[in-house]
Amino acid sequence: MKVGVIVAAAGSGTRMGAEGNKIFLNLDGKPIIMHSLELFDAIEEVAEIVVVTRKVDLQNIGALMKNISTPYQIVVGGKDRQESVYRGLKSLSGDFDWVLIHDAARPYLTGCVVRRGLVAVREYLAVGVGVPVKDTIKQVQGSFVVNTLPREELWAVQTPQIFAYNLILKAHEEAIKVGFTATDDCALVENLGQSVHMIEGDYGNLKITTPEDLPKQREFLLGFGYDVHRFTHDRPLILGGLEIPHEKGLLGHSDADVVTHAVMDAILGAMGKGDIGEHFPDTDPKYEGVSSIGLLKQVLDVLWQERLEINNVDITIIAQKPKLSPYKQSMEETLANIMQVSQARVNVKASTCEGLGFVGREEGIVVQAVVSLCSR
Ligand code: CTP
Ligand code: MG
């Protein structure tokens, strides 16, 4: 089975509002149009690919086609999609029995849909790919409903559409003759009074039309925090917002919650906003004895204002004493609640220092924290 492929790419992508044609926008590491071109390139039955493009895009398309090994042509399109496809059909070089027409603006096409279409066309001669609509469709004039269409019969039509070459050529020529225009090629065959067979495609085979159709670029940020506080005898030991029974507490301007401090520093670091010393200076009397959890809430407010959220937090507490394993889970719970994430996204580890150094001599506690953030 020898198939010619027409890729309609001669639009200007007005509704996308991008600088150039939307088909060149990057999607998962390559231009939108490359997704379907590479797919067709890998299908054995495809003997020629005709890319229909605007004059201004000829050079860009030419550069991309260097990566395609199937014989190809690049031709200039027309004033609307119908005319572009017609020009593509007329310029196919071989004597093709079958032609598959696809919009470059549909990058999510799968080989499975193409294969099913190529099987169906041999039986039905004109095949459309589509999906039953999930929404109820109403016909509206001005702002008033004039008709509610029976949903059971409605399909949203996509590309590819696959035809016997002579049939689609005849359909296009008849349309030109009678001045019939349509937004897809099946409609031209319908206009001949011939039947069109529909196969169920894939809801994911979206047409990229407006910016909402592009996947959201989620930003991912990483921060590291480190803090040390010295032990003293006359203060409670506060770690991760919990008071932990011990004969010593930590010295500091605030409540000296070294865990929460490391977490705040990691968050500020990921946001590129300095450190806690800059935000809550220990020379400022208003922070004296203050709860570090309260300060963490202020940092989180900044985070949420920036439309970011905590992805996960990993904390290591290095303390010779007290034994912290009984408190790790409660610390995770406390911090997860405040940060509005599930407890599974907050991990607290505790380690001793094998008696070495200032931690080993029980002079203080060290905490390290890694935080990842993502955009909402
Ligand atoms: N197309 C074409 N020739 C035209 C107009 C459109 O080949 N004269 C192609 C587009 O490149 C696209 C497909 O037809 O792959 C579907 O059209 P559409 O999604 O409307 O794309 P654009 O016309 O580029 O976008 P817009 O209507 O927003 O300008
Ligand atoms: Mg258009």
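Note that ligands are numbered from 1 as they come in the structure, with each ligand's atoms numbered from 1 the same way.
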Legend entry - cation_pi(Lys134, Tyr203) dist<6.0 Å, angle<=45: yes
Which of the atoms of ligand 1 are close to [X], meaning less than 4.0 Å from one of its heavy atoms?
X	answer
Lys79	8 (N)
Gly78	8 (N)
Ala104	15 (O)
Ala105	15 (O)
Ala9	7 (O), 11 (O)

Inset, instruction - Fit a plane to each ring of His172 and Tyr86, take the angle between them on a 0 to 90° scale, and name the class: parallel (under 30°), tilted (30 to 60°) or perpendicular (over 60°). - result: parallel
Should the pair [X]-[Y] be classified as a salt bridge under the 4.0 Å nitrogen-to-oxygen rule?
X	Y	value
Lys30	Glu38	yes
Lys273	Glu278	no
Asp213	Lys207	no
Lys90	Glu173	yes
Lys328	Glu332	no
Arg81	Asp185	yes

Legend entry - ligand 1 contact by Asp80, heavy-atom criterion under 4.0 angstrom: yes
What's the shortest distance from [atom] to any protein heavy atom, and which residue and atom give it?
atom	result
atom 28 (O) of ligand 1	Arg15 N, 2.8 Å
atom 21 (O) of ligand 1	Lys22 NZ, 3.0 Å
atom 17 (O) of ligand 1	Lys207 NZ, 4.4 Å
atom 15 (O) of ligand 1	Ala8 O, 2.8 Å
atom 26 (P) of ligand 1	Thr14 N, 3.5 Å
atom 16 (C) of ligand 1	Asp103 OD2, 3.5 Å

Legend entry - Derivation of the side chain to side chain contact (heavy atoms under 4.5 Å, CB included) call for Thr148 and Gln139: CA-CA 6 Å; Thr148 298; Gln139 195 182 350; over 6 Å; no
Legend entry - Test of proximity, Asn21 against ligand 1: N or O pairs below 3.5 Å: no
Taking [atom] as the point of reference, which of [options] owns the nearest heavy atom?
atom	options	answer
atom 24 (O) of ligand 1	Ala10, Gly77, Gly88, Gly13	Gly13
atom 4 (C) of ligand 1	Arg87, Arg81, Glu83	Arg81
atom 10 (C) of ligand 1	Ser36, Ser84, Gly11	Gly11

Inset, instruction - Spell out, as yes or no, whether a donor-acceptor pair under 3.5 Å connects the side chain of Ser254 to the backbone of Ser292. - result: no
